[in-house]
Amino acid sequence: MAEEVDYEALPSNASLGVNMLAGALAGITEHAVMFPIDSIKTRMQVFATSPAAVYTGIGNAFTRISSTEGMRALWRGVSSVILGAGPAHAVHFGTYEAMKELTGGNAAGNQWLATSLAGASATIASDALMNPFDVIKQRMQVHQSEFRSVFTALRVVYQKEGIAAFYVSYPTTLTMSVPFTAVQFTVYEHMKKLLNPSGDYSPVTHMIAGGMAGGVAAGVTTPLDVAKTLLQTRGTSHDLEIRRVGGMLDALRIIWRRDGIKGFGRGMSPRVLTHMPSNALCWLSYEFFKVAIREQ
């Protein structure tokens with residue numbers, strides 16, 4: 001009988017290749033499964049001029065989109081996520097594990113500062129790679145999008161708006177993602193140790209800790225996500241003010257002026273609903289693939 005692999009006996013500083021491959025597989029799994037809810041979130045955050053593109057909630061959006069545009073519309077843009085999520089998550093988890101080891105995050109006790117620093121560093125690196133794919137994804141998700149192909153969208157957006165269109169939201173993405181990831185990783189590591197102090201392999205622990213971490217981080221950073229969506233979809237808007245928005249502060253001013261405080265919570269429900277199960281699945285997948293790859 002083959003010797004059983006002791007999960008916790010795996011070195012915390014496992015090879016960079018293992019961490020990157022596990023992260024890539026986890027990222028693709030996470031984004032593909034929850035993509036329809038993410039599409040609804042994007043639709044709810046956009047300042048639409050057509051009444052047909054205004055939704056009162058997740059259920060209303062799902063029913064109207066599926067009945068008028070077909071179920072396939074909810075998956076439009078998923079290919080961009082799959083193309084970008086694998087490499088971006090590989091970089092994300094690889095950087096996270098390397099930085100956590102470098103800053104002493106694998107030492108005994110709750111090393112929250114090292115964990116937060118590692119999470120923030122991971123986000124800066126991965127978002128630089130993922131941002132253009134995220135722009136294309138949202139351009140394909142919006143109501144009456146002209147794009148059905150990732151490569152057509154890349155070509156047309158570049159020709160009409162230049163390279164800046166793919167990175168106009170990057171400062172906002174970092175402003176949002178760095179605290180998001182720091183909160184996520186910190187809550188995850190804390191909950192994992194709290195729920196599983198013995199350190200035994202526990203998929204349920206990874207799911208609960210990952211889900212809670214994702215929900216908290218998503219809720220806290222929703223206002224910046226609304227601003228990011230406005231920036232990334234500005235080229236699809238018929239509103240001259242939105243088409244000319246130049247950065248995060250401009251976007252925040254427009255949101256405040258048009259919708260007040262409630263505007264910063266647009267799409268919060270689908271955002272939290274997306275991140276809780278997707279983060280649970282991501283961490284479960286990451287820990288699973290990490291073990292599976294090490295067994296080979």
Side-chain angles (χ1 to χ4, degrees), residues 38-50 53-55 76-77 80-81 83-85 88 120-121 123-147 150-183 217-268 270-271 274:
D38 183 71
S39 292
I40 289 173
K41 183 218 72 170
T42 295
R43 299 274 190 116
M44 291 177 70
Q45 289 183 335
V46 169
F47 282 87
T49 54
S50 169
V54 178
Y55 311 102
R76 198 162 57 223
S80 180
V81 166
L83 285 171
S121 300
T123 298
I124 292 170
S126 64
D127 279 350
L129 179 59
M130 188 64 191
N131 214 78
F133 292 99
D134 199 50
V135 171
I136 295 304
K137 177 203 75 172
Q138 290 200 308
R139 294 293 182 100
M140 296 179 73
Q141 285 177 326
V142 296
H143 180 65
Q144 294 184 331
S145 172
E146 64 180 293
F147 303 120
V150 172
F151 299 106
T152 299
L154 280 167
R155 177 174 52 80
V156 172
V157 172
Y158 177 73
Q159 288 176 345
K160 289 184 176 180
E161 303 173 52
I163 193 69
F166 299 111
Y167 283 99
V168 66
S169 62
Y170 184 56
T172 308
T173 299
L174 287 182
T175 303
M176 173 184 69
S177 295
V178 170
F180 176 95
T181 309
V183 170
V220 168
T221 56
T222 294
L224 289 168
D225 190 57
V226 179
K228 186 191 79 164
T229 295
L230 189 149
L231 288 165
Q232 293 190 164
T233 60
R234 65 179 186 174
T236 66
S237 178
H238 299 293
D239 187 312
L240 190 59
E241 183 182 33
I242 291 178
R243 289 187 69 88
R244 290 177 174 174
V245 65
M248 180 177 67
L249 294 180
D250 275 353
L252 292 172
R253 276 194 291 265
I254 290 173
I255 295 165
W256 172 256
R257 188 166 61 248
R258 296 191 177 195
D259 218 8
I261 193 69
K262 69 176 183 178
F264 296 111
R266 293 171 72 104
M268 181 181 287
R271 178 168 164 78
T274 297

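Computed from a predicted structure; not experimentally measured.
Atoms CG and CE, on L83 and M130 in that order, are 9.0 Å from each other to the nearest 0.5 Å. To the nearest 0.5 Å, the span separating CZ on R257 from CD1 on I254 amounts to 6.0 Å. The distance from the CG atom of L174 to the CG atom of L224 is 11.0 Å, given to the nearest 0.5 Å. Rounding to the nearest 0.5 Å places CE of M248 at 13.5 Å from NZ of K228. Distance check: I40 CD1 to T274 OG1 gives 8.5 Å after rounding to the nearest 0.5 Å. Distance check, rounded to the nearest 0.5 Å: CD1 of I242 to CZ of F47 gives 6.5 Å.
The minimum heavy-atom distance linking A251 with L231 is given by the pair CB-CG, 4.2 Å. Closest of all the heavy-atom pairs between T42 and V142 is CG2-CG1, 4.4 Å. For the residue pair G77 and K137, the shortest heavy atom distance occurs at O-CG, 3.9 Å. A53 and A48 make their closest contact through CB-CB, 3.6 Å (heavy atoms, listed as atom of the first residue, atom of the second, distance). Nearest heavy atoms, P171 versus T175: O-OG1, 2.7 Å. The two residues V226 and G263 make their nearest non-hydrogen contact at CG1-O, 3.7 Å.
With sequence neighbours excluded, no residue forms a side-chain hydrogen bond (donor to acceptor under 3.5 Å, both in side chains) with S237. By the side-chain hydrogen bond (donor to acceptor under 3.5 Å, both in side chains) test, R234 pairs with no residue at all, sequence neighbours left out.
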One pair to check against side-chain contact (heavy atoms from CB on, under 4.5 Å): W256 and I261. What are the steps and the verdict?
CA-CA 6 Å; W256 172 256; I261 193 69; 4.1 Å; yes

Go through it in stages, so that I can follow the logic: the residues are Q141 and D38, the test is side-chain contact (heavy atoms from CB on, under 4.5 Å), and I'd like the CA-CA distance, side-chain angles, deciding distance and then a yes or no.
CA-CA 9 Å; Q141 285 177 326; D38 183 71; 3.0 Å; yes

For K41 and D225, what are the C-alpha separation, side-chain angles and deciding distance, and is it a side-chain contact (heavy atoms from CB on, under 4.5 Å)?
CA-CA 10 Å; K41 183 218 72 170; D225 190 57; 2.9 Å; yes

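Counting only heavy atoms from C-beta outward, the side chains of H143 and V46 never approach each other to under 4.5 Å. Residues V245 and L230 are in side-chain contact: their nearest non-hydrogen atoms beyond the backbone lie under 4.5 Å apart. Counting heavy atoms from C-beta on, the side chains of S145 and T236 never come closer than 4.5 Å.
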What pairs of donor and acceptor atoms, side-chain ones from residues 153-163 against any protein atom, are under 3.5 angstrom apart with sequence neighbours left out?
residue: E161; atom: OE1; partner: R139; partner atom: NH2; Å: 3.0
residue: E161; atom: OE2; partner: R139; partner atom: NH1; Å: 2.8
residue: E161; atom: OE2; partner: R139; partner atom: NH2; Å: 3.3

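When only modelled atom types and interatomic distance are considered, T233 and Q138 share no side-chain donor-acceptor pair under 3.5 Å. Between the side chains of T173 and D127, no donor-acceptor pair is found at a separation under 3.5 Å.
No donor-acceptor pair under 3.5 Å is formed between the side chain of R271 and the backbone N or O of G219. A donor-acceptor distance shorter than 3.5 angstrom exists from the side chain of N131 to the backbone of F166, with no hydrogens or angles considered. Between the side chain of Y167 and the backbone N or O of A128 there is at least one donor-acceptor pair closer than 3.5 Å.
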